[in-house]
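The structure appears below as structure tokens.
The structure presented is a predicted model; accordingly, all values stated were derived computationally and were not measured.
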Amino acid sequence: MIIFGAATLGEVTLAACWRRGIPVECFVDDRVTGPINGVEVIRTQDLKARYPQASFYLTSPNIEDMIKPLEGMGYKDWHSFGEVVNPHDITKDDFSDAEYTVEHVKYLARTALHHHDNYLHPERLTVQSVDLIVTEKCTMKCADCSNLMQYYEAPENADLNETLKMIGDFLALMDEAYEFRVIGGEPFVNKEVHLIVERLTAEEKVKRVSIFTNGTIVPREHQFAALTHEKVRFFITDYDELSRNLTPLLAELDRWGIAYVSEKANGWTECASLEKHNRTVAENEALWTACCAKNLATLADGRLYRCPFAANAFKLGAVPDYTGDYLTVDTASREDVGTFLRGKTYIETCDHCNGRSYGDQVITPAVQVKKPLPYKKYVLKQVH
């Protein structure tokens, strides 16, 4: 038995196996180094030579990204880690990340298992995560922002009524949109963001609402009142002195009883340039396969995109009008959305991106620039 994925949920799975008396031979993971609790971690490329036959527990919410390489190597005996892990039984002794609470790891496990269940029922039209861009404005100007905020010369907030309509149009086509990730820019620059969150939490098809913030703005009292919902969770990136209001923000979240995770900025890669690479189809497909953002659908300006890079590249006019790279949600059909979310092997905008692979070299995060960065503009039929 091998555990695919050696991060937190992999550790939890190992602990569950030990409690059940199931021997684990090793982990397989291309990012994490071992050993972990005395168990070896090997690379995917070494699997077949070491273990011609094996069974696997899969621990990633993106279960298809584990199944495809395994089946490509001839392995068929894979199982969801939910066969041995009950989120309710997870304890602090089951994982090593000191920044994670038991409640958050239980949240991660429940989320992953929900996605596994959806994968096993392809008749449902579901999406794991939807990035909702509520503003182009940000309180920081990071040279390497992967969401391309550093290029906006006249950033704007999303229109409230148009955003609410877009959410409704999209959800009418879906059986479920598990998580909405409210992003910018800095979401709280948009003073109406709490009204957008209220719309999302009221929707039965939405199970989680995650707000990604940089710790520079503390919401006002009436906004907090709208954010105190069991579906809401803050994900705060700690940029040290740049996150100037992190301490009072955490104090307010504690006061209101709102769940959050605060982590230091890390893992940034050089994926924010806007340039045409003229790759072959096979090269763009390989870039897509390795991309950590390919499972993040994005809503912006009435359109559904496959990632926030593509959405902002279109909003900026930095790519040609690749009509196959987006859907207009108020005219799209359910079949259109299903094909768009499940049938792509790459998008044309990939050729303007450096890629976002887990193995890319890490760079210094949050290097600030004083003015918007230049880029090539294309003439589009419609930018907004």
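The list of ring pair (Phe, Tyr, Trp, His ring centres under 6.0 Å) pairs with a residue in residues 261-304, not counting sequence neighbours, is empty. Residue pairs meeting the ring pair (Phe, Tyr, Trp, His ring centres under 6.0 Å) criterion with at least one partner in residues 195-217, sequence neighbours excluded, are Phe212-Phe235. Within the structure, side-chain hydrogen bond (donor to acceptor under 3.5 Å, both in side chains) contacts touching residues 27-38 (residues at least two apart or in different chains) are Asp30-Thr44.
Ring-centre distance between His79 and Phe56: not below the 6.0 Å cut-off. Taking the six-membered ring for Trp and the full ring otherwise, the centers of His104 and Tyr107 sit less than 6.0 Å from each other.
Side-chain contact check for Asp97 versus Glu11: every heavy-atom pair is 4.5 Å or farther apart. In this structure the side chain of Arg19 reaches within 4.5 angstrom of the side chain of Asp94, judged on heavy atoms. Inter-residue side-chain proximity for Ile211 and Ile236 is flagged as unmet; no heavy-atom pair is nearer than 4.5 Å. You'll find the side chain of Leu227 stays beyond 4.5 Å of the side chain of Trp256, heavy atoms only. The closest side-chain heavy-atom distance from Val232 to Val197 is below 4.5 Å. Put simply, the side chain of Lys315 reaches to within 4.5 Å of the side chain of Glu136, judged on heavy atoms. Met149 is not listed as a side-chain neighbour of Cys142, based on a closest heavy-atom distance of 4.5 Å or more. With contacts defined as side-chain heavy-atom distances shorter than 4.5 Å, the pair Ile22/Val84 qualifies.
Within the hydrophobic cluster formed by Ile, Leu, Val, Met, Phe, Trp and Tyr side chains joined at under 4.5 Å, directly or through other members, Leu296 stands alone, with no partner residue. In the hydrophobic clustering, where aliphatic and aromatic side chains (Ile, Leu, Val, Met, Phe, Trp, Tyr) are joined below 4.5 Å either directly or transitively, Leu14 groups with Ile3, Trp18, Val24, Phe27, Val32, Ile36, Val39, Val41.
Using a 4.0 Å cut-off between a side-chain N of Lys or Arg and a carboxylate O of Asp or Glu, Arg233 and Glu103 qualify as a salt bridge. In this structure, Asp240 pairs ionically with Lys264, as a charged nitrogen and a carboxylate oxygen lie closer than 4.0 Å. In summary, Arg255 and Glu252 engage in a salt bridge, as defined by a charged side-chain N under 4.0 Å from a carboxylate O.
Cluster annotation: Ile347 and Val281 are assigned to the same hydrophobic cluster (Ile/Leu/Val/Met/Phe/Trp/Tyr, side-chain heavy-atom contacts under 4.5 Å, transitive). Tyr239 and Ile217 are not part of a single hydrophobic cluster, where members link through side-chain heavy atoms under 4.5 Å apart. Linking ILVMFWY residues whenever their side-chain heavy atoms come closer than 4.5 Å, directly or via other members, places Val127 and Val209 in the same cluster.
Using modelled atom types, one finds a donor on one side chain and an acceptor on the other under 3.5 Å when comparing Tyr322 with His352. For the residue pair Asn312 / Tyr152, a side-chain donor-acceptor distance below 3.5 Å is found, with atom types taken as modelled. Residues Thr126 and Tyr178 bring no donor and acceptor atom of their side chains to less than 3.5 Å of each other. Side-chain contact, Asp131 with Asn147: no donor N or O sits under 3.5 Å from an acceptor N or O. With no hydrogens or angles considered, a side-chain donor-acceptor pair links His114 and Glu176 at under 3.5 Å.
Within 6.0 Å of CD on Glu221 lie more than 12 heavy atoms contributed by other residues, nucleotides or ligands. Remark: His88 NE2 is loosely packed, at most 12 non-hydrogen atoms of other residues, nucleotides or ligands lying under 6.0 Å away. Atom CD of Gln361 sits in a sparse spot, with 12 or fewer heavy atoms from other residues, nucleotides or ligands closer than 6.0 Å. Within 6.0 Å of atom NZ in Lys68, 12 or fewer heavy atoms from other residues, nucleotides or ligands are found, so the atom counts as exposed in its surroundings.
Judged purely by atom type and a 3.5 angstrom limit, Lys207 has no side-chain atom pairing as donor or acceptor with the backbone of Glu179. Remark: side-chain polar atoms of Arg306 are paired, donor with acceptor, to backbone N or O of Phe340 under 3.5 angstrom. Of the possible polar contacts, none joining the Glu203 side chain to the Leu200 backbone as a donor-acceptor pair under 3.5 Å is found. In this structure a side-chain-to-backbone donor-acceptor pair under 3.5 Å is present from Asp325 to Glu348. Between the Lys294 side chain and the Thr289 main chain, a donor and an acceptor come within less than 3.5 Å of each other. Side chain of Ser60 to backbone of Ile63: no donor-acceptor contact under 3.5 angstrom is found. When atom types are taken as modelled, the side chain of Thr269 and the backbone of Asp360 share no donor-acceptor pair closer than 3.5 angstrom. Judged by distance alone, with hydrogens and angles left aside, the side-chain atoms of Arg334 form a donor-acceptor pair with the main-chain N or O of Leu173 at under 3.5 Å. The closest donor-acceptor contact from the side chain of Asn354 to the backbone of Glu270 lies under 3.5 Å. With hydrogens and angles ignored, the 3.5 Å screen pairs no side-chain donor or acceptor of Gln150 with any backbone N or O of Leu373.
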Worked check of ring pair (Phe, Tyr, Trp, His ring centres under 6.0 Å) between Phe81 and Tyr57 | CA-CA 5 Å; Phe81 75 104; Tyr57 284 130; 8.8 Å; no

What do the steps show when you test Asp175 against Arg124 for salt bridge (charged side-chain N to carboxylate O under 4.0 Å, His left out), and what is the final call?
-> CA-CA 6 Å; Asp175 292 317; Arg124 303 174 188 165; over 6 Å; no

Between Glu71 and Tyr75, does a side-chain contact (heavy atoms from CB on, under 4.5 Å) hold up when you go through it step by step?
-> CA-CA 5 Å; Glu71 294 192 341; Tyr75 295 110; over 6 Å; no

For the pair Leu148 and Tyr375, evaluate side-chain contact (heavy atoms from CB on, under 4.5 Å) and give the outcome as yes or no after the intermediate values.
-> CA-CA 11 Å; Leu148 310 182; Tyr375 63 96; over 6 Å; no

Do Phe95 and Tyr100 pass the ring pair (Phe, Tyr, Trp, His ring centres under 6.0 Å) test, and can you show the C-alpha distance, the side-chain angles, and the key distance before you say yes or no?
-> CA-CA 9 Å; Phe95 60 94; Tyr100 284 173; 7.2 Å; no

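Considering only residues two or more places apart in sequence or on other chains, Glu40 meets the side-chain contact (heavy atoms from CB on, under 4.5 Å) condition with Cys26, Ile42, Arg50. Under the side-chain contact (heavy atoms from CB on, under 4.5 Å) criterion, Asn278 pairs with Lys276, Asp351, sequence neighbours left out. For the salt bridge (charged side-chain N to carboxylate O under 4.0 Å, His left out) test, no residue two or more places apart in sequence or in another chain qualifies with Lys376. Judged as a ring pair (Phe, Tyr, Trp, His ring centres under 6.0 Å), and not counting sequence neighbours, Tyr358 has no contacts. Considering only residues two or more places apart in sequence or on other chains, Tyr51 meets the ring pair (Phe, Tyr, Trp, His ring centres under 6.0 Å) condition with none of them. By the ring pair (Phe, Tyr, Trp, His ring centres under 6.0 Å) test, Tyr260 is found to be paired with no residue, residues two or more places apart in sequence or in another chain being considered.
Between Pro61 and Gln128, the shortest heavy-atom contact is O-OE1, 3.6 Å.
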Which atom pairs, one a donor and one an acceptor, fall under 3.5 Å between side chains of residues 185-196 and the rest of the protein, sequence neighbours left out?
residue : atom : partner : partner atom : Å
Glu186  : OE1  : Thr213  : OG1          : 3.0
Glu186  : OE1  : Asn214  : N            : 2.9
Glu186  : OE2  : Phe188  : N            : 3.1
Glu186  : OE2  : Thr213  : OG1          : 3.0
Asn190  : OD1  : Glu192  : N            : 2.9
Asn190  : ND2  : Val134  : O            : 2.9
His194  : ND1  : Lys191  : O            : 3.3

